[in-house]
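As structure tokens, the structure follows; a few thoughts come after it.
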Amino acid sequence: MEQLDTLFQNNRAWAEAIKAEDPEFFEKLAKQQSPEYLWIGCADSRVPANEIVGLLPGELFVHRNIANCVVHTDLNCLSVIHYAIEILKIKHIIVCGHYGCGGVQAALQNQQYGLADHWVRNIRDVYYNNRKKLDGITDDKERVDRLCEINVKQQVANVCHIPVVQNAWASGQSLAVHGWIYSIQDGLLRNITSVVDSLEDVPDHYRVTEA
Ligand SMILES: [Zn+2]
């Protein structure tokens, strides 16, 4: 239990440090949260959402899973997105992948890992639909990294196909969807998609509401 004691010590030091800067920080935060951003990122321990973008508790609504997937039947992710848009009225959804993602790597291999195989299947489909672009890349690391980028782009598209996202646009709510990728090697973020902020950016086939 010694290791867990360290976590509690760290926690007390962290809370003290924040209170030293702003004595009423936690009292104010307890009353409400009004984040402007929803972060959809990978569960990888090396990609901690708040730290990367320098945001404090209360400033970033976060959903993380293996390889930052937005699956149209995943009640968990859909509930987060719904709550973020309808109740919190967040203004930006950021889908953030990272280079060297283990989930993406698994999707390129012909082997089983267990339950996560079902989840990774989503990325396996992304690879298969883009195999012509990817199969020409001979360097394994490079191929994984390109698929990491393509996966972010696909997940951004998946966000935009969700009815609650389209309803927000149709009702004039300000909402922008961004696709970013993070490099564990240099700690830097890169923007890899153009911002999607209206129904006009969604292919007709996926539109489920009128502008
Ligand atoms: Zn990952």
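Side-chain atoms are counted along with the backbone in the values below, which use heavy atoms only and exclude waters and symmetry mates. Residues: numbered from 1 along the sequence shown. Both counts, for ligands and for their atoms, begin at 1 and track the order of listing. What you are looking at is a predicted structure, and each value in this text was computed from that prediction instead of being measured.
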Using the six-membered ring of Y128, assess whether NZ or CZ of R131 lies under 6.0 Å from its centre and within 45 degrees of the ring axis. yes

Is a side-chain donor-acceptor pair under 3.5 Å present for N158 with Q155? yes

Where does the angle between the aromatic ring planes of W180 and W39 fall among parallel (under 30°), tilted (30 to 60°) and perpendicular (over 60°)? perpendicular

Those residues at least two apart in sequence (or on a different chain) that pass side-chain contact (heavy atoms from CB on, under 4.5 Å) with D140 are R143

Would a 4.5 Å heavy-atom cut-off, applied to side chains only, mark L29 and L56 as touching? no

Could you measure the distance from the CG atom of D44 to the SG atom of C101? Nearest 0.5 Å is fine. 6.5 Å

Under 2.8 Å from the Zn ion (ligand 1), the protein N, O or S atoms, given as residue and atom: C42 SG, H98 NE2, C101 SG

